[in-house]
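Beneath this line is the structure, given in C-alpha cells, with notes to follow.
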Amino acid sequence: QVQLVESGGGLVQAGGSLRLSCAASGRTFSYYSMAWFRQAPGKEREFVAVIKWSGGSTNYADSVKGRFTISRDNAKSTSYLQMNSLKPEDTAVYYCAAKRFGSLTVRGYEYDSWGQGTQVTISS
C-alpha cells in the first residue's frame with residue numbers, strides 16, 4: 001500500500017477557492033489511480049473526483065463538475081484537488097484515496113489506501 005497525507009484544507013467564504021494536496025509515499029506513485037472523497041457531518045462518505053494512473057483520464061461527481069479539478073504530478077508523487085466557486089454544501093472532511101492500477105471507479109471500497117483527511121469549511 002501507499003501512504004497518503006492530505007493538506008490544504010481550511011475555512012473560506014462561499015465563492016472562494018482552495019487547493020488540496022495529497023502526498024504519497026512508499027510505492028510507485030505513477031501506478032496508482034488517485035481519488036478524492038468527502039464526508040460531511042451526519043452523512044455518508046461520497047465520491048468527489050478521480051484521476052487514472054495512466055493517461056490522466058478523470059471522473060467527477062455531478063455536484064462538483066465545472067468547479068473542481070483533479071490533477072497529479074508524478075514527479076512529486078502528489079495529487080491535487082483545485083476547488084473553485086465553493087459552496088457551504090462543500091463543507092466536509094476530504095479524504096485522498098489510492099488504488100494500484102485502478103480504474104475511474106467511484107466506489108470507495110475499491111480503494112486500497114486512504115489518508116487521514118483534511119477539514120474544509122465554507123462559510124455563507
Side-chain angles (χ1 to χ4, degrees):
Q1 293 183 343
V2 64
Q3 288 75 50
L4 305 174
V5 178
E6 303 98 332
S7 61
L11 170 64
V12 298
Q13 289 187 333
S17 297
L18 279 174
R19 188 177 80 156
L20 305 183
S21 298
C22 175
S25 63
R27 295 286 184 178
T28 304
F29 179 76
S30 60
Y31 291 168
Y32 285 80
S33 290
M34 301 299 297
W36 290 90
F37 289 78
R38 67 186 181 185
Q39 187 168 21
K43 295 187 177 181
E44 293 187 353
R45 182 181 63 195
E46 66 173 355
F47 166 78
V48 175
V50 59
I51 185 166
K52 198 171 180 182
W53 67 279
S54 66
S57 300
T58 58
N59 187 25
Y60 295 92
D62 288 344
S63 59
V64 306
K65 279 181 182 176
R67 300 189 298 122
F68 290 12
T69 302
I70 189 171
S71 62
R72 63 190 298 150
D73 185 335
N74 287 342
K76 295 183 178 180
S77 298
T78 301
S79 175
Y80 303 98
L81 186 67
Q82 178 67 43
M83 306 186 295
N84 299 328
S85 303
L86 284 162
K87 305 175 181 180
E89 51 264 44
D90 294 318
T91 295
V93 177
Y94 283 69
Y95 296 91
C96 176
K99 179 170 176 58
R100 196 165 185 260
F101 302 132
S103 64
L104 294 173
T105 182
V106 305
R107 294 182 286 267
Y109 63 81
E110 295 196 26
Y111 288 85
D112 306 313
S113 302
W114 292 82
Q116 82 289 349
T118 185
Q119 177 70 48
V120 171
T121 304
I122 312 303
S123 62
S124 57

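Between the side chain of Q116 and the main chain of V5, no donor-acceptor pair closer than 3.5 Å is present. Side chain of T121 to main chain of A92: no donor-acceptor pair is present (N/O by atom type, distance under 3.5 Å, no hydrogens or angles). The main-chain N or O of Q1 is never found under 3.5 Å from a side-chain atom of Y32 such that the two would form a donor-acceptor pair.
Residue pairs that meet the disulfide bond (SG atoms under 2.5 Å apart) test with at least one member in residues 27-82, sequence neighbours left out, do not exist here. Note on residues 40-83: no pairs pass disulfide bond (SG atoms under 2.5 Å apart), not counting sequence neighbours. Within the structure, the disulfide bond (SG atoms under 2.5 Å apart) test picks out no pair touching residues 54-87 (sequence neighbours left out). Applying the side-chain hydrogen bond (donor to acceptor under 3.5 Å, both in side chains) rule to pairs touching residues 18-27 yields nothing, sequence neighbours excluded. Residue pairs satisfying the disulfide bond (SG atoms under 2.5 Å apart) criterion with at least one member in residues 5-124, sequence neighbours excluded, are listed as follows: C22-C96. Evaluation of the salt bridge (charged side-chain N to carboxylate O under 4.0 Å, His left out) test over residues 113-124, restricted to residues two or more places apart or in two chains, returns none.
Linking ILVMFWY residues whenever their side-chain heavy atoms come closer than 4.5 Å, directly or via other members, places V12 and L81 in the same cluster. L4 and Y31 end up in the same hydrophobic cluster when Ile, Leu, Val, Met, Phe, Trp and Tyr side chains are linked at under 4.5 Å. L20 and M34 fall within a single hydrophobic cluster, where Ile, Leu, Val, Met, Phe, Trp and Tyr are joined by side-chain heavy atoms under 4.5 Å apart, directly or via other members.
Counting side-chain heavy-atom gaps under 4.5 Å among Ile, Leu, Val, Met, Phe, Trp and Tyr, Y80 is found in no cluster with other residues.
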Got a list of side-chain donor-acceptor pairs under 3.5 Å for residues 40-58, not counting sequence neighbours?
from: E46; atom 1: OE2; to: R38; atom 2: NE; distance (Å): 2.6
from: E46; atom 1: OE2; to: R38; atom 2: NH2; distance (Å): 3.1

Please list every donor-acceptor pair under 3.5 Å in which a side-chain atom of residues 62-69 meets a protein atom from a residue at least two apart or in another chain.
from: D62; atom 1: OD1; to: K65; atom 2: NZ; distance (Å): 3.2
from: R67; atom 1: NH1; to: S85; atom 2: O; distance (Å): 3.0
from: R67; atom 1: NH1; to: D90; atom 2: OD2; distance (Å): 2.7
from: R67; atom 1: NH2; to: S63; atom 2: O; distance (Å): 2.9
from: R67; atom 1: NH2; to: D90; atom 2: OD1; distance (Å): 3.0
from: R67; atom 1: NH2; to: D90; atom 2: OD2; distance (Å): 3.4

Taking only distance into account, with no hydrogens and no angle test, what donor-acceptor pairs under 3.5 Å do side-chain atoms of residues 103-115 form with protein atoms, sequence neighbours excluded?
from: S103; atom 1: OG; to: T105; atom 2: N; distance (Å): 3.4
from: T105; atom 1: OG1; to: R107; atom 2: N; distance (Å): 3.1
from: T105; atom 1: OG1; to: E110; atom 2: OE2; distance (Å): 3.4
from: R107; atom 1: NE; to: Y109; atom 2: OH; distance (Å): 3.3
from: R107; atom 1: NE; to: E110; atom 2: OE2; distance (Å): 2.5
from: R107; atom 1: NH2; to: E110; atom 2: OE2; distance (Å): 2.8
from: Y111; atom 1: OH; to: T105; atom 2: O; distance (Å): 2.6
from: S113; atom 1: OG; to: V2; atom 2: N; distance (Å): 3.2
from: S113; atom 1: OG; to: V2; atom 2: O; distance (Å): 3.1

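Once rounded to the nearest 0.5 Å, the distance linking CD of E6 with OH of Y94 reads 12.5 Å. Considering CZ of R72 and OG of S77, their distance stands at 9.0 Å, rounded to 0.5 Å. Taking CD from Q82 and CG from L18, the interatomic distance works out to 8.5 Å, rounded to the nearest 0.5 Å. Expressed to the nearest 0.5 Å, how far CG of L11 lies from CD of Q119 amounts to 9.5 Å.
Residue S71 comes nearest to S79 through the heavy atom pair O-OG, 3.2 Å, listed as atom of the first residue, atom of the second, then distance. When all heavy atoms are compared, the tightest approach of N74 to S30 is ND2-CB, 3.7 Å.
Applying the ring pair (Phe, Tyr, Trp, His ring centres under 6.0 Å) test to F29 and every residue at least two apart in sequence or in another chain returns nothing. When the side-chain hydrogen bond (donor to acceptor under 3.5 Å, both in side chains) test is applied to S17, the partners found at least two apart in sequence or on another chain are N84.
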